[in-house]
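For reference, the structure I am asking about is given below.
Along the sequence shown, residues carry numbers from 1. Counting starts at 1 for both ligands and their atoms, in listed order.
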Amino acid sequence: MSQAPVKVTVTGAAGQIGYALLFRIASGQMLGPDTPVALSMLEIPQGLKAAEGTAMELQDCAFPLLDSIQITDDATQAFDGTSVALLVGARPRGPGMERGDLLSANGGIFKPQGQALNAGAADDVRVLVVGNPANTNALIASSFAPDIPTTRFSAMTRLDHFRAVGQVAEKLGVPVSDVHKITIWGNHSATQYPDLFHAEVGGRSVADQVEQEWLEGTFIPTVAKRGAAIIDARGASSAASAANAAIMHVNTWVHGTPEGDWTSAAVPSDGSYGVPEGIFSSFPVTASGGEWSIVQGLEIDDFSRGRIDASVKELTEERDAVKALGLL
Ligand SMILES: NC(=O)c1ccc[n+]([C@@H]2O[C@H](COP(=O)([O-])OP(=O)(O)OC[C@H]3O[C@@H](n4cnc5c(N)ncnc54)[C@H](O)[C@@H]3O)[C@@H](O)[C@H]2O)c1
Ligand SMILES: O=C(O)C[C@H](O)C(=O)O
């Protein structure tokens with residue numbers, strides 16, 4: 001081990017995504033092979049026993065990079081000194097629950113977690129929100145962490161990005177590594193807009209290589225509704241693919257995007273592409289020096305404009321709903 005351990009906090013550590021995530025973090029796949037990790041697992045009291053079981057398994061892997069494991073139901077302890085916080089634990093939508101109820105229940109989680117991050121996180125903290133509704137949960141958490149720059153928060157649309165890459169690779173019969181410049185715009189929800197007009201395979205626009213009918217009638221709905229399709233098939237929501245996307249999101253944030261390509265992440269809007277300032281919307285982004293930058297200057301045609309606006313409208317409605325609940 002060549003450097004001091006980096007504290008990484010995972011909330012919802014005993015959940016499905018937590019189980020798929022923790023072993024990859026501890027093995028070095030997120031921060032790299034030279035970075036020892038001090039893991040902190042935050043759970044609600046009912047989740048602590050299962051978290052202890054996972055910790056036993058982590059110990060049994062004898063990962064050379066795993067420096068220590070903390071298990072707690074106290075957010076202040078979990079976030080104290082943390083440099084990477086993965087906010088995975090969230091309240092899922094239950095039967096008969098309206099979107100407003102979901103936002104209110106999650107406000108009860110992300111407000112105190114934002115406050116605890118603000119109180120004790122390390123100066124270099126980076127926060128990834130995975131728990132749904134991820135974009136708006138990131139907005140809530142960051143608004144209760146006024147001493148942490150808003151740009152240190154982002155919400156995950158990398159899974160949607162990878163889903164789009166997979167669909168394009170299959171359609172064009174190329175390896176996934178040939179697919180570049182995919183963009184997910186907007187919300188991590190069924191209104192998201194996976195954009196192929198700027199995507200490239202073999203140096204040519206993907207939109208020029210597929211039929212418009214496939215793009216509109218198959219590609220967009222397949223990507224946007226993939227989460228629901230997985231729930232339907234598995235009887236549980238995506239877990240390993242979500243954990244993979246979280247690992248890659250943080251890895252890219254810390255280590256940067258490859259030259260000439262970009263990825264997708266929900267970051268606080270600076271007003272780019274007409275997206276209202278402050279909401280967490282997915283954009284094409286590059287990363288360098290631990291900071292996200294929104295890719296500028298892309299031409300947006302009327303088709304894309306309409307799709308982006310529809311998803312952004314949903315995000316502004318979510319923002320207004322949490323504002324009305326006193327959560328902003
Ligand atoms: N952004 C994405 O792409 C994406 C993809 C997949 C899933 N998700 C979301 O991720 C979240 C987690 O999914 P999962 O399948 O692991 O769920 P899960 O129900 O298996 O696990 C969630 C865990 O969070 C814990 N928890 C609840 N409240 C908590 C709190 N206040 N503090 C700490 N822990 C808490 C629960 O005890 C549970 O163990 C869900 O909201 C899901 O919708 C997002
Ligand atoms: O779609 C869901 O509810 C689960 C998750 O956000 C996903 O995209 O797989």
| When only distance counts, is T11 in polar contact with ligand 1, meaning an N/O pair under 3.5 Å? | no
| Which of the atoms of ligand 1 are close to S238, meaning less than 4.0 Å from one of its heavy atoms? | 5 (C), 6 (C)
| said: Quick check for you: to the nearest 0.5 Å, what is the distance between Q29 atom CD and F63 atom CZ? | reply: 8.0 Å
| message | For atom 17 (O) of ligand 1, is there a protein heavy atom at a distance under 4.0 Å? | response | no
| query | With no hydrogens and no angle check, do the side chains of T222 and Q167 hold a donor and an acceptor under 3.5 Å apart? | reply |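 Their side chains do not contain a donor-acceptor pair, so the 3.5 Å distance test is not met.
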| Any side-chain donor near an acceptor of the partner, S154 and H249, under 3.5 Å | yes
| query | With distance as the sole test, does T9 use its side chain to make a donor-acceptor pair with the main-chain N or O of A78 at under 3.5 Å? | reply |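 Looks like yes, one N/O pair under 3.5 Å.
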| message | Need the ligand 2 atom indices (1-based, order shown) with element for anything under 4.0 Å from a heavy-atom of S238. | response | 7 (C), 9 (O)
| task | Return yes if some donor-acceptor pair links the side-chain N/O of Q192 with the main-chain N/O of S311 below 3.5 Å, else return no. | result |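 Side chain of Q192 to backbone of S311: no pair is present.
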| Sub-4.0 Å heavy-atom contact, D160 with ligand 2 | no
| field | Residue pair W292 / T286, side-chain donor-acceptor N/O under 3.5 Å | value |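 Short answer, no.
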| Per-atom contacts of ligand 1 with A14, taking only distances under 4.0 Å to non-hydrogen atoms |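 Near A14, the atoms of ligand 1 are 39 (O).
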| request: State the atoms of ligand 1, each with its element, that fall below the 4.0 Å cut-off from a heavy-atom position in A90. | output: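 Counting from 1, the qualifying ligand atoms are 41 (O).
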| Residue that, paired with S264, satisfies side-chain hydrogen bond (donor to acceptor under 3.5 Å, both in side chains) out of R158, H161, H188 |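 When side-chain hydrogen bond (donor to acceptor under 3.5 Å, both in side chains) is applied between S264 and each of R158, H161, H188, only H161 qualifies.
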| field | Test of proximity, S237 against ligand 2: N or O pairs below 3.5 Å | value |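 By distance alone, the answer is no.
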| query | In the protein, what heavy atom is nearest to atom 44 (C) of ligand 1, and what distance, to one decimal place, separates them? | reply |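 Of the protein heavy atoms, V130 O, 2.9 Å lies nearest.
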| request: Return a yes/no value: protein heavy atom under 4.0 Å from atom 41 (O) of ligand 1? | output: yes
| request: Among all protein heavy atoms, pick out the one at the shortest distance from atom 30 (C) of ligand 1; state its residue, atom name and that distance to 0.1 Å. | output: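 Checked against all protein heavy atoms, atom 30 (C) of ligand 1 sits closest to I44 CG2, 3.6 Å.
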| task | Could you tell me which atoms of ligand 1, counted from 1 in the order shown, lie closer than 4.0 angstrom to a heavy atom of G12? | result | 23 (C), 24 (O), 25 (C), 33 (C), 34 (N)
| request: Check for a donor-acceptor pair, side chain of S68 on one end and backbone N or O of A38 on the other, with a separation under 3.5 Å. | output: no
| query | Any nitrogen or oxygen of N132, main chain or side chain, under 3.5 Å from a nitrogen or oxygen of ligand 2? | reply | yes
| query | Applying the side chain to side chain contact (heavy atoms under 4.5 Å, CB included) test to K171, which of L215, V210, V201 qualifies? | reply |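 Single pass found, and it is V210.
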| request: Report the residue from K313, R305, R307 that forms a salt bridge (charged side-chain N to carboxylate O under 4.0 Å, His left out) with D309. | output: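 Output: one option passes, namely R305.
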| query | Closest approach of A164 and I182, non-hydrogen atoms and distance? | reply |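 Nearest pair, atom of A164 first, then I182: CB-CG2, 3.7 Å.
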| request: Starting from atom 15 (O) of ligand 1, locate the nearest protein heavy atom and write down its residue, its atom name and how far away it is, to 0.1 Å. | output: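 Of the protein heavy atoms, Q16 NE2, 2.8 Å lies nearest.
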| task | Look at atom 3 (O) of ligand 2 and say which protein heavy atom is nearest, naming residue and atom and giving the distance to 0.1 Å. | result |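 Of every protein heavy atom, I231 CD1, 3.8 Å lies nearest to atom 3 (O) of ligand 2.
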| field | Closest approach of any protein heavy atom to atom 6 (O) of ligand 2, naming residue and atom | value | H188 NE2, 2.6 Å
| query | Looking at atom 21 (O) of ligand 1, what's its closest protein heavy atom, distance included? | reply | G15 CA, 3.2 Å
| query | Under 30°, 30 to 60°, or over 60°: which ring-plane class applies to Y273 and F283, parallel, tilted or perpendicular? | reply |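 Rings of Y273 and F283: tilted, as their planes differ by 30° to 60°.
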| How far is atom 31 (N) of ligand 1 from its nearest protein heavy atom, and which residue and atom name does that atom have? |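 Nearest protein contact, heavy atoms only, for atom 31 (N) of ligand 1 is I109 CG2, 3.5 Å.
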| Just heavy atoms, cut-off under 4.0 Å: does R91 contact ligand 1 by side chain, backbone, both, or neither? | neither
| field | Residue portion contacting ligand 2 (non-hydrogen atoms closer than 4.0 Å) for R226 | value |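 For R226, no heavy atom sits under 4.0 Å from ligand 2.
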| request: Examine N132 against ligand 1 and note whether any of their N/O atoms are separated by less than 3.5 Å. | output: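 The answer is yes, given that N132 and ligand 1 share an N or O pair closer than 3.5 Å.
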| query | Would you say S241's side chain and S238's backbone share a donor-acceptor pair under 3.5 angstrom? | reply |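 Here the side-chain-to-backbone pair does not exist.
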| query | Atoms of ligand 1 less than 4.0 Å from Q113 heavy atoms? | reply | 30 (C), 31 (N), 32 (N)
| message | On a heavy-atom basis, I'd like to know which of R234, M156, K225, R163 is closest to atom 7 (C) of ligand 2. | response |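 Shortest heavy-atom distance from atom 7 (C) of ligand 2: R163.
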| remark: Note: A242, heavy atoms under 4.0 Å from ligand 1, region reported as side chain
| Can T72 and Q77 be counted as having a side-chain donor-acceptor contact under 3.5 angstrom? | yes
| request: Pick one of side chain, backbone, both or neither for how L159 approaches ligand 1, counting any non-hydrogen atom pair under 4.0 Å. | output: side chain
| Can you tell me if G47 has a non-hydrogen atom under 4.0 Å from ligand 1? |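 Per 4.0 Å heavy-atom rule, G47 does not contact ligand 1.
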| task | For S237, take its heavy atoms, then give the atoms of ligand 1 lying under 4.0 Å from any of them. | result | 15 (O)
| Is I17 touching ligand 1 with its side chain, its backbone, both, or neither, if touching means heavy atoms under 4.0 Å apart? |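 Under 4.0 Å from ligand 1, I17 contributes backbone and side-chain atoms.
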| To which protein heavy atom is atom 39 (O) of ligand 1 closest, and what is the distance rounded to 0.1 Å? |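 It is E43 OE2, 2.6 Å.
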| query | Donor-acceptor pair, T11 side chain versus V88 backbone, under 3.5 Å? | reply | yes
| Do the side chain of R126 and the main chain of G290 share a donor and acceptor less than 3.5 angstrom apart? |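 Yes, because the side chain of R126 sits within donor-acceptor range (under 3.5 Å) of the backbone of G290.
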| query | Is it true that A239 lies under 4.0 Å from ligand 1, counting heavy atoms only? | reply |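 Distance cut 4.0 Å: A239 fails for ligand 1.
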| said: Closer than 4.0 Å to some heavy atom of V88 - which atoms of ligand 1 meet that? | reply: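 Near V88, meaning under 4.0 Å from one of its heavy atoms, ligand 1 has 10 (O), 11 (C), 12 (C).
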| Hey, what do you get for CG (D124) to OG1 (T82), rounding to the nearest 0.5 Å? |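 Answer rounded to 0.5 Å: 9.0 Å.
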| request: With heavy atoms under 4.0 Å as the rule, classify the contact between H188 and ligand 1 as side chain, backbone, both or neither. | output: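 The answer is the side chain of H188.
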| remark: In this structure, atom 1 (O) of ligand 2 is nearest to the protein heavy atom G227 CA, 3.4 Å
| task | Sort and list the pairs that fulfil side-chain hydrogen bond (donor to acceptor under 3.5 Å, both in side chains) and have at least one residue in residues 100-120, not counting sequence neighbours. | result |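 Of all non-adjacent pairs touching residues 100-120, those that pass side-chain hydrogen bond (donor to acceptor under 3.5 Å, both in side chains) are N118-D147.
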| field | Whether over 12 other heavy atoms sit under 6.0 Å from E299 CD | value |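 It does not: E299 CD has 12 such atoms or fewer within range.
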